[in-house]
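Report on one structure; see the data block that follows.
None of these values were measured; they are calculated from a predicted model. Heads up: numbering here begins at 1 and tracks the sequence.
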Amino acid sequence: LLTKKKTKIWLSAVSSVMLAAILALSGVLIYLKFNKKEFGPSKVEVNPLAFSIDTWDGKTVNANDFKSDFAGRGDNTLTIDSAASFVYFVDQVNSGKDDFEKTTVYLNKNIDLNGYLINSIGNEQNPFKGNFDGGFYTIYNANINGNGLFGCVDGTISNSKIKNVGLYNATIKTSHLIAGGLIGKAINVNIENVFVNGGNVTAKHAFGGIVGQMISTNGEHYIKNSFIDSNVTAENFGGIVLDCTSPEFCTLPSNAKLVR
């Protein structure tokens with residue numbers, strides 16, 4: 001059991017060589033790493049909107065920029081094209097109006113939540129049940145009331161994947177016993193290419209860098225190419241995952257530690 005207060009953690013699912021490279025990256029290189037899109041199995045293009053950031057005014061909730069079948073992505077896809085439509089997406093999940101089961105939600109732009117308070121995406125009563133592809137974009141300055149960017153993701157039906165998104169300079173302050181930087185509670189979810197960088201996290205009891213609690217009930221699930229570098233205040237913390245309730249089904253990096 002690891003116990004520590006007010007500590008800065010840096011634990012990663014990438015190799016030590018890649019960690020050193022990440023630490024040395026300039027803003028331009030971060031752009032090249034986290035602002036690209038995959039449009040097919042072999043074609044990768046630099047995103048021309050990589051430096052574009054849409055900033056939330058703290059009031060507007062906009063359904064108009066929440067588009068279906070954007071850029072020919074096909075059925076059962078939705079695209080977030082502004083900070084205001086991201087907040088609309090959060091509200092749709094948390095109100096129980098849409099859990100987005102069997103739907104892939106794409107982030108199509110860097111967004112700055114400007115320090116305004118938002119709730120985690122999904123909760124125990126109304127979990128997010130779809131897929132989320134951040135398109136290698138970044139969410140800046142989120143002030144999150146809850147147990148992670150996503151509060152609860154249940155991928156039992158959709159075999160959910162959360163990928164290609166960064167959370168930069170976020171503030172997470174939670175009364176939940178278990179919290180995570182990206183997801184508080186992940187049920188049958190795969191995670192890859194995500195980061196939590198900068199900012200401050202204050203957890204009531206325990207915190208996992210990427211996931212607080214990872215539950216696998218229908219096969220193996222994994223976390224790949226992900227890292228956290230944030231200031232954390234918690235009684236207990238795990239590196240990438242705080243707790244995997246079925247560790248035989250969790251594929252984790254060799255340096256990940258589980259706090260049970």
Restricting to side chain to side chain contact (heavy atoms under 4.5 Å, CB included), what partner residues turn up for T156, sequence neighbours left out?
D154, I187, N188, N218
Only counting residues at least two apart or in another chain, list the ones meeting ring-ring contact (aromatic ring centres under 6.0 Å, His included) with F150.
F128, F132
Do N147 and I178 have side chains that approach each other closer than 4.5 Å (heavy atoms only, starting at C-beta)?
no
In this structure, CG of N114 is separated from CG of D57 (nearest 0.5 Å) by 9.0 Å
Closest heavy-atom pair, H221 versus N159, reported as atoms and distance to 0.1 Å, is NE2-OD1, 3.8 Å
Do N126 and N94 pair up side chain to side chain, a donor and an acceptor below 3.5 Å, judged on atom types alone?
no
State whether the side chain of T202 and the backbone N or O of K173 hold a donor-acceptor pair below 3.5 Å, judged by distance alone.
no
Judged by modelled atom types alone, do N141 and D112 share a side-chain donor-acceptor pair under 3.5 Å?
yes
Is it true that a side-chain atom of S158 and a backbone atom of G155 form a donor plus acceptor pair closer than 3.5 Å?
no
Mind checking the CD1-CG spacing from I139 to L167? Nearest 0.5 Å is all I need.
6.0 Å
Using atom types as modelled and distance alone, determine if a side-chain donor or acceptor of N131 lies under 3.5 Å from a backbone N or O of K161.
yes
Closest non-hydrogen atoms of I80 and S82, given as atom of the first, atom of the second and distance, are CG2-O, 3.4 Å
Could you tell me which non-hydrogen atom of G151 sits nearest to which non-hydrogen atom of S120, and how far apart they are?
N-CB, 3.5 Å
Hey, is the main chain of A83 close enough, under 3.5 Å, to the side chain of D54 for a donor-acceptor pair?
yes
Please say which of V61, N119, I118 ends up in a side-chain contact (heavy atoms from CB on, under 4.5 Å) with D91.
V61
Rounded distance [0.5 Å steps], CD1 in I215 versus NZ in K185:
4.5 Å
Before giving the answer on side chain to side chain contact (heavy atoms under 4.5 Å, CB included), spell out for Y140 and N110 the whole-Å C-alpha distance, their side-chain angles and the decisive distance to 0.1 Å.
CA-CA 8 Å; Y140 295 89; N110 294 312; 4.1 Å; yes
Pair Y106, T79 - check side chain to side chain contact (heavy atoms under 4.5 Å, CB included), show working.
CA-CA 5 Å; Y106 291 89; T79 298; 4.1 Å; yes
